[in-house]
Amino acid sequence: MGSMRSAAAVAAAFVSIGAARAVEAPLARLGHDVVPVSQAIALELDPRQPEYTGSVEIVLDVRKPVRSFRFHAEAIDLLELTLTQPGSSSKPIRLAAKPSADGQVEVVPDREIPKGRHTLHIGFRNNFDTQAKGLYRLQVAGAWYAFTQFEAIEAREAFPCWDEPAFKIPYRVTLTVPVADAALSNTAEESVVENEGQRTTVFKATRPLPSYLLAVATGPFEFVPIPGTSIPARVVTTKGQS
């Protein structure tokens with residue numbers, strides 16, 4: 001009799017869990033009338049500070065005339081949004097941003113956006129996260145570092161983007177950091193310029209990737225080369241761990 005009651009209790013628990021899952025609203029998906037083609041991301045990072053600034057330029061394919069579209073930017077202070085059409089003599093389209101559900105932002109232009117290729121320019125300011133997600137900072141042995149953890153949907157907490165794996169596009173990352181710090185991303189360095197105590201590193205464009213596979217890190221890293229590999233390889237460690 002006791003085992004029957006236990007089985008009934010387990011069954012009731014499964015029914016309860018199933019009902020709870022059934023009422024959970026699924027994440028809203030972005031539309032496909034306006035889709036990204038490529039994205040450039042520029043970040044000014046100093047993990048000693050609680051916040052950072054940046055900008056993105058996203059080439060968009062507008063597949064039909066629209067009066068609004070959405071992208072991801074969760075709890076990010078969007079400072080300026082404009083839309084330009086390469087080769088067009090018309091003035092940039094000004095955009096108003098309205099936060100929506102699931103870390104989305106609805107963009108409403110001051111006039112209809114025509115079909116074709118456009119470039120979305122966004123300047124923004126954001127706080128570093130203090131947990132191991134998004135773009136976060138932490139202190140190790142007295143030194144400050146910044147890292148990223150974007151899987152599965154945390155890139156939207158770091159910078160404006162189309163944060164769904166269906167959108168696979170090439171990214172070009174530029175990092176400006178204190179000259180004493182190293183800067184890392186997915187690809188090899190394309191150029192490095194130092195000016196007034198800052199180092200700006202432009203990384204080569206990635207292959208088409210979903211946003212969650214991007215990676216960024218900065219801080220006083222140490223590097224240990226790995227000899228005998230067919231391609232250059234190294235281990236990156238925090239200060240004093242090489």
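Sequence positions, counted from 1, serve as the residue numbers for this chain. Predicted model, so just to flag it, every value in this text is computed and none were measured.
In this structure, Phe159 is not a member of the same hydrophobic cluster as Val202, with clusters built from ILVMFWY side-chain heavy atoms closer than 4.5 Å. Val140 and Phe223 fall within the same hydrophobic cluster, defined by Ile, Leu, Val, Met, Phe, Trp and Tyr side-chain heavy atoms under 4.5 Å apart, directly or through other members. The cluster map of Ile, Leu, Val, Met, Phe, Trp and Tyr, joined by side-chain heavy atoms under 4.5 Å apart, puts Val56 and Val62 in the same cluster. Using a 4.5 Å cut-off between side-chain heavy atoms of Ile, Leu, Val, Met, Phe, Trp and Tyr, with links allowed through other members, Ile41 and Tyr136 fall into different hydrophobic clusters. With hydrophobic clusters built from ILVMFWY side chains whose heavy atoms lie under 4.5 angstrom apart, Leu60 shares a cluster with Ile169.
Annotation for Ala182 and Thr218: closest pair O-OG1, 2.7 Å, computed over non-hydrogen atoms. Taking each heavy atom of Ala97 and Pro99 in turn, the nearest pair found is O-CD, 4.0 Å. The two residues Ala205 and Thr187 make their nearest non-hydrogen contact at O-CG2, 4.0 Å. Nearest heavy atom pair, residue Ala73 against residue Val105, reads O-CG2, 3.6 Å. Pairing each heavy atom of Gln85 with each of Pro114, the nearest pair is OE1-CG, 3.8 Å. What you find for Ser185 and Ala215 is that their closest heavy atoms are OG-O, 3.0 Å.
Using a 30° and 60° split on the angle between ring planes, Tyr145 and Phe221 fall in the tilted class, from 30° to 60°.
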(request) Just do the side-chain hydrogen bond (donor to acceptor under 3.5 Å, both in side chains) check on Thr176 and Thr200 with the steps written out, would you? (result) CA-CA 4 Å; Thr176 298; Thr200 298; 2.9 Å; yes
(message) What verdict does the side-chain contact (heavy atoms from CB on, under 4.5 Å) test give for Phe147 and Leu184, after you've listed the backbone C-alpha separation in whole Å, the side-chain angles of each residue and the deciding distance to 0.1 Å?
(response) CA-CA 9 Å; Phe147 299 94; Leu184 303 171; over 6 Å; no
(request) Check the pair Val37, Arg117 against side-chain contact (heavy atoms from CB on, under 4.5 Å), reporting the backbone distance first and the verdict last. (result) CA-CA 9 Å; Val37 176; Arg117 290 290 172 95; 3.7 Å; yes
(request) Output, in order, the C-alpha distance, side-chain angles, deciding distance and verdict of side-chain contact (heavy atoms from CB on, under 4.5 Å) for Ile76 and Leu78. (result) CA-CA 6 Å; Ile76 296 175; Leu78 305 179; 3.9 Å; yes
(request) Under the side-chain contact (heavy atoms from CB on, under 4.5 Å) rule, what do Leu45 and Leu135 come out as? Steps first, then yes or no, please. (result) CA-CA 10 Å; Leu45 305 177; Leu135 175 50; 3.8 Å; yes
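By the 4.5 Å heavy-atom criterion applied to side chains, Val107 and Phe71 are counted as neighbours. By the 4.5 Å heavy-atom criterion applied to side chains, Ile113 and Ile93 are counted as neighbours. Side chains of Leu79 and Arg125 form a contact here, defined as non-hydrogen atoms less than 4.5 Å apart. Residues Val235 and Pro225 have side chains not in contact (no heavy-atom distance under 4.5 Å, counting atoms from C-beta outward). Looking only at side-chain heavy atoms (C-beta outward), Arg48 and Pro178 come within less than 4.5 Å of each other.
A donor atom on one side chain and an acceptor atom on the other are found under 3.5 Å apart for Asp163 and Ser211. Between Ser55 and His121, the side chains place no donor N or O within less than 3.5 Å of an acceptor N or O (distance only, hydrogens not considered).
We find that Asp110 and Arg94 are not joined by a salt bridge, their nearest charged nitrogen and carboxylate oxygen being 4.0 Å or further apart. Ion pair Glu194/Arg199 flagged as a salt bridge, since at least one NZ, NE, NH1 or NH2 atom sits closer than 4.0 Å to an Asp/Glu carboxylate oxygen. Remark: Asp102 does not engage Arg70 in a salt bridge, criterion side-chain N to carboxylate O under 4.0 Å. Ion pair Glu189/Lys204 not flagged as a salt bridge, since none of the NZ, NE, NH1 or NH2 atoms sits closer than 4.0 Å to an Asp/Glu carboxylate oxygen.
For Glu44 (side chain) and Val177 (main-chain N/O), no donor-acceptor pair under 3.5 Å exists by modelled atom type. Side chain of Glu222 to backbone of Thr237: no donor-acceptor contact under 3.5 angstrom is found. Using a distance-only test at 3.5 Å, with no hydrogens or angles considered, a donor-acceptor pair links the side chain of Gln39 to the main chain of Pro160. A side-chain donor-acceptor contact under 3.5 Å links Thr148 to the backbone of Val216.
With rounding to the nearest 0.5 angstrom, the OG1 atom of Thr82 is 9.0 Å from the CD1 atom of Ile122. Note that NZ of Lys115 and CZ of Arg63 are 10.5 Å apart. Values are rounded to the nearest 0.5 Å. Here the CD atom belonging to Glu106 is positioned 4.5 Å from the OG atom belonging to Ser68, to the nearest 0.5 angstrom. Once rounded to the nearest 0.5 Å, the distance linking CG of Asn126 with CG of Asp77 reads 8.5 Å. With values rounded to the nearest 0.5 angstrom, Glu74 atom CD is found 6.5 Å from Arg156 atom CZ. Here CG of Leu120 is found 6.5 Å from CG of Leu95. Values are rounded to the nearest 0.5 Å.
Checked against the 6.0 Å centroid threshold, Tyr52 and Phe128 count as a close aromatic pair. Ring-centre distance between Tyr171 and Tyr212: not below the 6.0 Å cut-off.
When the shell of 6.0 Å around CZ of Arg29 is examined, it contains 12 or fewer heavy atoms from other residues, nucleotides or ligands.
Listed by first then second residue, pairs satisfying salt bridge (Lys or Arg N to Asp or Glu O under 4.0 Å) with a partner in residues 129-153 read Asp129-Lys133, Lys133-Glu157, not counting sequence neighbours.
The ring-ring contact (aromatic ring centres under 6.0 Å, His included) with His32 is formed by just one residue from the set Trp162, Phe167, Phe69; it is Phe167.
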